[in-house]
Amino acid sequence: STVAILIDHEFAVAPAVLWGILGTPDRVDWVPGVTSCSFDGEVRSLDLPGAGAIKERILRHDNEKRILEYTCFESPGGLESHHARMEIIESDTGCRLHWETTVAPVAIEPFIKGSMDGCISRLEELLGL
């Protein structure tokens, strides 16, 4: 069975500013633990020292709607299935990041949730919030 993890986070920046980071598939300075990334137009490969390599396929990259969907199909952590969707929505004070990830097995949920929370903290640092 799968479990869904949802983050809905407000950022006090214009949507285009946040999309400038998240909408660039080979930009990974907002992902804790990742030292490098290569992107071939479809698959991005991330290197995590100590953990190994992760490969993600970009399924949808919509600059107009600011939506990025991706699936992790190779990882060292016993991941059975993974699908993530990020959408940046304009708000009164800036924008909201709606980030939903569905994963299996359920046991991996705390690790994925921790990683997503870490990304949010790093994004706030990068944006000077």
Side-chain angles (χ1 to χ4, degrees):
S1 65
T2 60
V3 58
I5 307 155
L6 178 62
I7 286 181
D8 195 356
H9 192 84
E10 186 87 29
F11 289 94
V13 296
V17 173
L18 187 57
W19 181 249
I21 300 172
L22 301 181
T24 308
D26 57 354
R27 180 170 176 178
V28 291
D29 56 349
W30 57 277
V31 186
V34 173
T35 52
S36 68
C37 172
S38 61
F39 179 60
D40 65 8
E42 182 192 358
V43 172
R44 64 178 167 193
S45 306
L46 312 170
D47 290 319
L48 285 92
I54 288 178
K55 289 191 191 301
E56 295 175 340
R57 180 170 284 110
I58 306 296
L59 304 172
R60 180 179 178 192
H61 184 250
D62 188 328
N63 281 315
E64 199 179 319
K65 293 191 162 74
R66 298 187 192 95
I67 293 171
L68 186 73
E69 281 185 58
Y70 60 96
T71 179
C72 179
F73 64 93
E74 194 178 297
S75 79
L79 197 60
E80 289 165 17
S81 71
H82 172 284
H83 181 272
R85 181 181 188 275
M86 296 179 134
E87 182 174 2
I88 298 171
I89 301 150
E90 194 165 354
S91 71
D92 294 342
T93 55
C95 63
R96 275 178 34 236
L97 170 60
H98 189 88
W99 186 6
E100 187 168 358
T101 306
T102 307
V103 295
V106 172
I108 207 159
E109 188 266 349
F111 172 77
I112 301 289
K113 174 83 168 75
S115 172
M116 290 167 72
D117 287 340
C119 288
I120 295 294
S121 301
R122 183 68 64 85
L123 282 166
E124 292 201 314
E125 281 171 33
L126 272 173
L127 295 164
L129 301 174

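All values below were derived from every heavy atom in this structure, side-chain atoms included, with hydrogens, water molecules and symmetry-related copies excluded. Here, residue 1 is the first one in the sequence, and each next residue gets the next number. Everything numeric in this text was worked out from a predicted model, so none of it was measured.
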Hphob cluster co-occupancy, I89 + L123, side-chain heavy atoms under 4.5 angstrom: no
Minimum-distance pair of heavy atoms, taken over all atoms of E64 and D62: N-OD1, 3.0 Å
Nearest-0.5 Å distance, OG of residue S121 to CE of residue M116: 12.5 Å
For S1 against A104, the heavy-atom pair lying closest together: O-CB, 3.6 Å
Same apolar cluster: V43 and V28, side chain cutoff 4.5 Å: no
Single-linkage hydrophobic cluster, 4.5 Å side-chain cutoff, L68 and F73 together: no
Path from L129 to W99 over hydrophobic side-chain contacts below 4.5 Å: yes
E10 side, atom CD; C95 side, atom SG - distance, nearest 0.5 Å: 7.0 Å
Nearest non-hydrogen partners of P76 and A53, listed with the distance: CD-O, 3.4 Å
Atom pair CG (L18) and CG (L126), whose distance is rounded to the nearest 0.5 Å: 10.0 Å
Side chain to side chain contact (heavy atoms under 4.5 Å, CB included) between I21 and L127, worked out: CA-CA 10 Å; I21 300 172; L127 295 164; 3.8 Å; yes
Gap between atom NZ of K55 and atom CG of L46 - 0.5 Å precision: 9.5 Å
N/O donor-acceptor pair under 3.5 Å between T24 side chain and G20 backbone: yes
In one Ile/Leu/Val/Met/Phe/Trp/Tyr side-chain cluster, 4.5 Å: F11, I67: no
Side-chain heavy atoms of V3 within contact of P105, under 4.5 Å: no
Distance, nearest 0.5 Å, that separates CD of E87 from CZ of R66: 10.0 Å
Within-4.5 Å side-chain heavy-atom neighbours: S38 and D26: no
For G33 against P49, the heavy-atom pair lying closest together: O-CD, 3.3 Å
N-O pairing of E100 and R85 below 4.0 Å: no
Min side-chain heavy-atom separation H83-E69 under 4.5 Å: yes
Centroid separation H82 to Y70 less than 6.0 Å: yes
I7 vs D117, side chain to side chain contact (heavy atoms under 4.5 Å, CB included): CA-CA, chis, key distance, verdict: CA-CA 8 Å; I7 286 181; D117 287 340; 3.6 Å; yes
Beyond-backbone contact of C37 with S45, side-chain heavy atoms, under 4.5 angstrom: no
N/O donor-acceptor pair under 3.5 Å between R96 side chain and D8 backbone: no
Residue pair L22 / L97, side-chain heavy-atom distance below 4.5 Å: yes
NZ on K113 to CG on L6, rounded to 0.5 Å: 9.0 Å
